[in-house]
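A short write-up of the structure that comes next.
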Amino acid sequence: MSVKVSVTICLISEAKGGPFVLWDDLPASITQAASLGYDAVELFPPEPGALDPAYVKELLTRHNLAVSAVGSGAGWVRHKLSLTDADAKKRTCAKNFIHDMIDFAAQLSAPVIIGSMQGRWGVGEGVTKVEAFEYLAEALNELGAHAETRGQVLLYEPLNRYETNLLNTIEDASRFLRSLNTEAVKLLADLFHMNIEETDIAAAIRRGGSNIGHIHFADSNRRPAGLGHMNFEPIVQAVRDIGFSGYFGAEAFPYPDPISAARQTVSKFRELFA
Ligand SMILES: [Mn+2]
């Protein structure tokens, strides 16, 4: 078993204040991640075409780092695009945004995450719950199939109740994934969201099993692991028991500052998986 650790680098200026560890300067952040002993970085670009994959690859190769995943949240943060929007044109724009992000990420051998772009039902003009799930299934079927043609999976992230009313738990999300026509969509299990929604985080991870493709690593208060009251030992045992060999991606607030947060996370990870 080889669980690996990555750190988030957010390049979306509109997301300031969000739960990302490193910010702004890509070359400097990559150098930091490497010097702290990370295996990979998780990138949040402002647009699918914002970064030249060849340039990113060159920076990473120099430091022997991989890309664990690429976030698509900019589609929501910058353009208010959602896969479950009432407006068919906006849903198409949302799908195109993620489609192009998949093409970018695939050049870095990384999967794309769908988090905030899943949207919610009952907003504004009103999408019913049934419609929202139809739209979400249609989008995940199409985008999952597209990711597969690029040799990648697509990561779907259940969020807590304050961020979506679609799917909040690993069990509900697993059931939904089983209803899709593709097996290329995997779950992103975020410990911060799970701490709010799950009855038992370790049990939920066991239930998710091989459907779990990526884990977001944060403490109960979304500070870096070790700075809250999360009980990590049973979680680590569950991760070992399901034979997880993906990434723990540090998605936490840059508390007390980005470098300290990155250092705290990697040291807690090494301690837990020693
Ligand atoms: Mn997350």
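Both counts, for ligands and for their atoms, begin at 1 and track the order of listing. FYI, side chains are in, hydrogens and waters are out, and symmetry mates aren't considered; it's all heavy atoms of this structure. Everything numeric here is computed off the predicted structure, so don't read it as measured data.
Protein atoms that are N, O or S and lie under 2.8 Å from the Mn ion (ligand 1) are these: E157 OE2, D190 OD2, H216 ND1, E251 OE1.
For residues 128-139, the pairs satisfying salt bridge (Lys or Arg N to Asp or Glu O under 4.0 Å) are K95-E138, with sequence neighbours left out. Annotation: salt bridge (Lys or Arg N to Asp or Glu O under 4.0 Å) contacts involving residues 201-210, sequence neighbours excluded, comprise E171-R207, R206-D241.
Tracing side-chain contacts under 4.5 Å through hydrophobic residues (I, L, V, M, F, W, Y), one never reaches V7 starting from F253; they form parts of separate clusters.
Remark: H63 pairs with no residue by the ring pair (Phe, Tyr, Trp, His ring centres under 6.0 Å) rule, at least two apart or across chains.
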Take E163 and R120 through the test salt bridge (charged side-chain N to carboxylate O under 4.0 Å, His left out) and record every step on the way to the result.
CA-CA 8 Å; E163 298 183 38; R120 49 170 68 222; over 6 Å; no
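Using cut-offs of 30° and 60° on the angle between ring planes, the pair F273 and F269 is tilted.
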